[in-house]
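Notes follow once the structure below has been shown.
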There are 2 protein chains.
Amino acid sequence: MNSRFSLAVHILSLLAQQPEDRLTSEFLAMSIGTNAVVIRRLMAYLRKADLVTSKGAAGGGWMLARPAAKISLAMVRVALEEEVALRMHKNRPHPDCSVGQGLNDALGLVYGHVDTVIDEALGQMSVADVLADALTKVRVPEKTKRT
Amino acid sequence: MNSRFSLAVHILSLLAQQPEDRLTSEFLAMSIGTNAVVIRRLMAYLRKADLVTSKGAAGGGWMLARPAAKISLAMVRVALEEEVALRMHKNRPHPDCSVGQGLNDALGLVYGHVDTVIDEALGQMSVADVLADALTKVRVPEKTKRT
DNA sequence: TTTACCGTAACAATCTTTGTGACAAATCCA
DNA sequence: TGGATTTGTCACAAAGATTGTTACGGTAAA
């Protein structure tokens with residue numbers, strides 16, 4: 001399992017917070033605590049799905065390609081091409097095993113259904129929603145935190 | 001991502017097919033095409049969740065602890081303690097990043113919801129259902145397959 | 001034409017999962 | 001009781017996936 005979805009939502013939230021400006025990969029990497037190449041690698045998927053635009057020159061960087069409210073989490077998931085919540089095991093069943101033969105097909109149906117259900121759930125939440133939610137939860141500053 | 005869920009359902013289907021007999025780890029491993037230790041490692045979770053029983057001696061092996069129709073796929077998922085379809089990224093956000101602070105909490109809510117939805121979907125299907133489905137899909141024998 | 005970016009390939013480092021061997025513990029059966 | 005069978009689990013190797021890093025080419029703005 002990977003954490004690209006979380007990373008993507010994090011980045012999209014940052015972009016949503018400053019819809020006017022282009023943010024550089026370097027800046028995003030700093031904010032999140034990783035490397036700029038990791039950001040670019042990930043953003044390639046989001047760009048392909050028309051969720052963000054990039055510009056590669058001085059003053060360049062990343063922007064949302066549309067309002068944050070119009071980017072659902074399901075779109076993000078689809079963009080990342082990670083539409084499998086459960087994975088098939090890939091051992092070859094013994095040829096005499098009658099269950100093994102049909103099981104993959106049966107499981108395939110189940111997994112397809114699960115993925116549909118996930119997308120329905122994620123389809124109801126937008127990046128704007130997540131950002132708003134995150135901002136209401138900002139931790140109290142250090143000063144007031146003691147004792 | 002791992003494929004333990006698929007493996008578990010496969011094994012449970014095999015046990016469901018012969019509710020009277022105890023099947024050994026060795027036999028299950030052969031049927032599925034893996035190692036007996038892998039089976040035991042996995043079954044430890046299912047046993048802890050009271051889905052199967054084991055007996056360690058001559059004539060021993062594994063059996064379902066209840067009828068296959070009473071084992072939902074959601075129970076299997078819970079038993080495997082894999083209740084996270086999406087994973088948090090664990091980079092420390094930069095302290096000045098106001099989004100980063102609250103984002104984990106916001107994502108946590110989202111992920112919790114997704115997991116709930118998955119369990120609802122899997123709760124409606126039993127091992128007996130999967131087995132029945134698998135058996136209707138048995139591939140045609142080699143002979144009739146050609147041309 | 002220099003500068004500040006992105007794009008991507010290549011490779012290293014890390015983490016996770018799966019496979020394997022070894023051996024103790026439990027239980028059955030003669 | 002003793003031997004055979006099977007689980008339970010540890011330890012470690014192998015394989016695979018993900019993430020981090022360096023390097024370098026391309027592109028557009030100033």
Side-chain angles (χ1 to χ4, degrees), chain A residues 1-8 10-11 15 18 21-49 51-65 80-82 84-94, chain B residues 1-8 10-11 14-15 21-49 51-65 80-82 84-94:
Chain A
M1 200 192 297
N2 62 45
S3 55
R4 293 206 306 250
F5 182 83
S6 299
L7 206 56
H10 196 151
I11 294 171
L15 297 179
Q18 304 188 50
D21 308 333
R22 285 195 179 277
L23 305 185
T24 69
S25 302
E26 204 63 53
F27 172 82
L28 293 168
M30 288 301 237
S31 297
I32 291 178
T34 181
N35 187 290
V37 176
V38 174
I39 303 289
R40 296 199 187 107
R41 195 144 62 196
L42 180 69
M43 297 305 270
Y45 289 96
L46 302 185
R47 176 158 29 83
K48 198 159 64 170
L51 302 183
V52 298
T53 63
S54 65
K55 216 168 76 173
W62 300 92
M63 281 181 80
L64 295 186
L80 296 179
E81 299 169 15
E82 298 193 337
V84 258
L86 298 164
R87 195 172 66 181
M88 221 67 97
H89 74 87
K90 50 190 173 301
N91 301 323
R92 293 264 193 76
H94 193 282
Chain B
M1 201 193 294
N2 62 45
S3 54
R4 293 204 307 248
F5 181 84
S6 298
L7 205 55
H10 196 151
I11 294 169
L14 288 171
L15 297 179
D21 307 334
R22 286 198 178 274
L23 305 184
T24 69
S25 302
E26 204 63 55
F27 172 82
L28 293 168
M30 288 303 237
S31 297
I32 291 178
T34 182
N35 189 291
V37 177
V38 174
I39 302 288
R40 295 198 188 108
R41 196 145 60 196
L42 180 68
M43 298 304 270
Y45 289 96
L46 303 184
R47 175 158 29 84
K48 197 160 62 171
L51 302 183
V52 299
T53 64
S54 65
K55 215 167 76 172
W62 301 91
M63 279 181 83
L64 295 187
L80 297 179
E81 298 168 15
E82 298 194 335
V84 259
L86 297 164
R87 194 173 66 180
M88 221 67 95
H89 74 86
K90 49 188 173 302
N91 301 324
R92 294 263 193 77
H94 194 283

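Here is the naming used below: chain letters follow the sequence lines, and residue numbers restart at 1 for every chain.
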Does [X] have a side-chain nitrogen or oxygen under 4.0 Å from the phosphate oxygens OP1 or OP2 of [N]?
X: B/R22; N: D/dT6; result: no
X: B/S25; N: D/dT7; result: yes
X: B/S3; N: C/dT18; result: yes
X: B/S54; N: D/dG8; result: yes

Within this structure, what is the [atom1]-to-[atom2] distance between [X] and [N], rounded to whole angstrom?
X: B/L42; N: C/dT17; atom1: CG; atom2: P; value: 13 Å
X: A/M30; N: C/dC5; atom1: CE; atom2: P; value: 13 Å
X: A/D21; N: C/dA4; atom1: CG; atom2: P; value: 18 Å
X: A/R87; N: C/dT16; atom1: CZ; atom2: C1'; value: 10 Å

Query - Of B/E26 and B/K90, the one whose closest DNA chain D nucleotide lies more 5' - result: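 This one resolves to B/E26.
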
Report task. May I ask you to decide whether B/R4 forms a salt bridge with B/E81, counting only side-chain N to carboxylate O separations under 4.0 Å? Result ->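 Here B/R4 does not pair with B/E81 in a salt bridge, since their nearest N and O are not under 4.0 Å apart.
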
Report summary line: A correct 5'-to-3' footprint of nucleotides 20-30 of chain D, with B, S and - meaning base, sugar-phosphate only and no protein heavy atom under 4.0 Å, is BBB---BBBS-

**Report entry** Over 12 non-hydrogen atoms of neighbours within 6.0 angstrom of CE in A/M63
**Finding:**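 Correct, the count exceeds 12.
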
Query raised in the report: Taking only residues two or more places apart in sequence, or in another chain, which ones meet A/R47 in a side chain to side chain contact (heavy atoms under 4.5 Å, CB included)?
Result: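 If we apply the side chain to side chain contact (heavy atoms under 4.5 Å, CB included) test to A/R47, skipping adjacent residues, the hits are A/A44, A/V52, A/S54, A/W62.
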
Report task. May I ask you to decide if B/S6's main-chain N or O and B/S3's side chain share a donor-acceptor pair within less than 3.5 Å? Result -> no

Query raised in the report: Do B/R92 and A/I32 come close enough that some side-chain heavy atom pair is under 4.5 Å?
Result: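 No. Closest side-chain heavy atoms not under 4.5 Å.
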
